[in-house]
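Everything quoted here is computed from the prediction, not taken from an experiment.
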Amino acid sequence: MQEFWDLQEQILSMFGEVEPENPVLRVRNITQTSLTLEWDPLQLHTSKLRSLDIYKNDTKLAQHVPMDTNYIKLSGLDVDHEYEFHIVIKTTAGQYDSNRVQARTHKMENLTGISVAFGKFEQEEPVITELKELLDKVGAAWTDEVTTDTTHLIAQQPGGDNYDRAMMSSIPVVKPDWLIQCDKNNKIQPALPYYIVNVPVNNE
């Protein structure tokens, strides 16, 4: 019988006393009106995750965070505004708060938060190469595929995998002139006037 209790004590010391670790939070990407929060994989040890909540300026946000995700993109923020964020996880072992991170959204003149991917073009070269050079000039970024950090898809025509991903993620699909005007005016331009609109043909 003593062996049984010794075994229980050993199991408790190995597993039962290791508490979850506090989440580690950071800001990954910032634009004028949005940012991406990212956290390290949660170290729950023997406990189970019950919920994960995002707090902006100590107010809990309504966004649902899937259990298997370690990032969230927050939109609708004010331009050039300071925010504080932290996350709270509730587990079977209790509640644990992350570190607090401060972030300021970009001014309209700051183009470094732009991250574009490319869609379909009537003729890709030299247009795409010139657009990439322009992105480098203004300090913006580009990727071959649409990612969670993509802010705009630049294209001349609808269609293609990147176009489909952009539409699913509500990412603006804009003509190349949008980027040219951002550079010309030295500040980010509204996307709406540069949207690619697939207008159905009127046969009447």
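With rounding to the nearest 0.5 Å, the separation of CD1 in Ile188 from OG1 in Thr31 is 6.5 Å. Atom CG in Leu135 sits 11.0 Å away from atom CD1 in Ile128 (nearest 0.5 Å). Note: Asp68 CG to Leu49 CG = 11.0 Å, rounded to the nearest 0.5 Å. For the atom pair CD (Glu21) and OG (Ser47), the distance works out to 10.5 Å, reported to the nearest 0.5 Å. Atoms OG1 and CG, from Thr91 and Leu42 in turn, are 10.0 Å apart once rounded to the nearest 0.5 Å. To the nearest 0.5 Å, atom CH2 of residue Trp142 and atom CG of residue Leu134 are 13.5 Å apart.
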Tell me which donor-acceptor pairs under 3.5 Å the side chains of residues 113-123 have, and how far apart each pair is, sequence neighbours excluded?
none

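The 12-atom threshold is not exceeded at CE of Met167, counting heavy atoms of other residues, nucleotides or ligands nearer than 6.0 Å. Applying the 6.0 Å contact sphere to NZ of Lys187 captures no more than 12 heavy atoms from other residues, nucleotides or ligands.
Under the 4.5 Å side-chain heavy-atom criterion for Ile, Leu, Val, Met, Phe, Trp and Tyr, Tyr83 and Val101 are members of the same hydrophobic cluster. Two different hydrophobic clusters hold Met168 and Tyr195 under the rule that ILVMFWY side chains link at heavy-atom gaps under 4.5 Å. When hydrophobic clusters are built by joining Ile, Leu, Val, Met, Phe, Trp and Tyr residues whose side-chain heavy atoms come closer than 4.5 Å, directly or via intermediates, Leu52 is not grouped with Val88. Val138 is connected to Ile180 through a chain of hydrophobic side-chain contacts under 4.5 Å among Ile, Leu, Val, Met, Phe, Trp and Tyr, so both are in one cluster. Leu74 and Tyr71 end up in different hydrophobic clusters when Ile, Leu, Val, Met, Phe, Trp and Tyr side chains are linked at under 4.5 Å.
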> Given Val146 and Leu153, is the side-chain contact (heavy atoms from CB on, under 4.5 Å) satisfied, shown in steps?
Replying inline: CA-CA 8 Å; Val146 171; Leu153 182 77; 4.1 Å; yes
> When you look at Gln95 and Ile89, which way does the side-chain contact (heavy atoms from CB on, under 4.5 Å) test go after all the steps?
Replying inline: CA-CA 6 Å; Gln95 175 177 307; Ile89 61 170; over 6 Å; no
> Does the side-chain contact (heavy atoms from CB on, under 4.5 Å) test come out yes or no for His86 and Lys56, once each step is laid out?
Replying inline: CA-CA 7 Å; His86 72 283; Lys56 179 182 74 177; over 6 Å; no
>> As a quick check of understanding, evaluate salt bridge (charged side-chain N to carboxylate O under 4.0 Å, His left out) for Lys184 and Asp177, giving each step before the final call.
In response: CA-CA 10 Å; Lys184 184 177 179 181; Asp177 194 44; over 6 Å; no
>> Under the criterion side-chain contact (heavy atoms from CB on, under 4.5 Å), I'd like the reasoning laid out for Gln32 against Lys107: C-alpha separation, chi angles, the key distance, then a yes or no.
In response: CA-CA 6 Å; Gln32 279 76 9; Lys107 296 180 179 180; over 6 Å; no
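Proximity of Phe85 to Leu35: side-chain heavy atoms (C-beta onward) are separated by under 4.5 Å at one or more points. When side chains are defined from C-beta on, Thr33 counts as touching Val79, because their heavy atoms get closer than 4.5 Å. The closest side-chain heavy-atom distance from Tyr194 to Gln181 is below 4.5 Å. Under the 4.5 Å side-chain criterion, counting only non-hydrogen atoms from C-beta, Thr150 is in contact with Thr143. Looking at heavy atoms from C-beta onward, His106 lies in side-chain contact with Ile30 at the 4.5 angstrom threshold. Annotation: side chain of Tyr96 is in contact with side chain of Glu19 (closest heavy-atom distance under 4.5 Å). Looking at heavy atoms from C-beta onward, Arg50 lies in side-chain contact with Thr92 at the 4.5 angstrom threshold. Inter-residue side-chain proximity for Ile87 and Asp53 is flagged as unmet; no heavy-atom pair is nearer than 4.5 Å.
For Asp97 and Lys90, the salt-bridge test fails: no basic side-chain N is under 4.0 Å from an acidic carboxylate O. The existence of a salt bridge linking Asp40 and Arg26 is confirmed by a sub-4.0 Å separation between a basic side-chain nitrogen and an acidic carboxylate oxygen. Under the 4.0 Å criterion applied to side-chain N and carboxylate O atoms, Glu82 and Arg104 are assigned as salt-bridge partners.
Between the side chains of Thr147 and Arg165, no donor-acceptor pair is found at a separation under 3.5 Å.
The two atoms that bring Asn162 and Glu145 nearest to each other are OD1-CA, 3.5 Å, heavy atoms only. Across every non-hydrogen atom of His81 and Thr105, the tightest pair is N-OG1, 2.8 Å.
The backbone N or O of Lys73 sits nowhere less than 3.5 Å from a side-chain atom of Asn29 that would complete a donor-acceptor pair. Using a distance-only test at 3.5 Å, with no hydrogens or angles considered, a donor-acceptor pair links the side chain of Asn70 to the main chain of Trp39. In this structure, Ser75 contributes its side chain and Ser34 its backbone to no donor-acceptor pair below 3.5 Å.
Counting Ile, Leu, Val, Met, Phe, Trp and Tyr side chains that sit under 4.5 Å apart, directly or through other members, Val24 stands alone, with no cluster partners.
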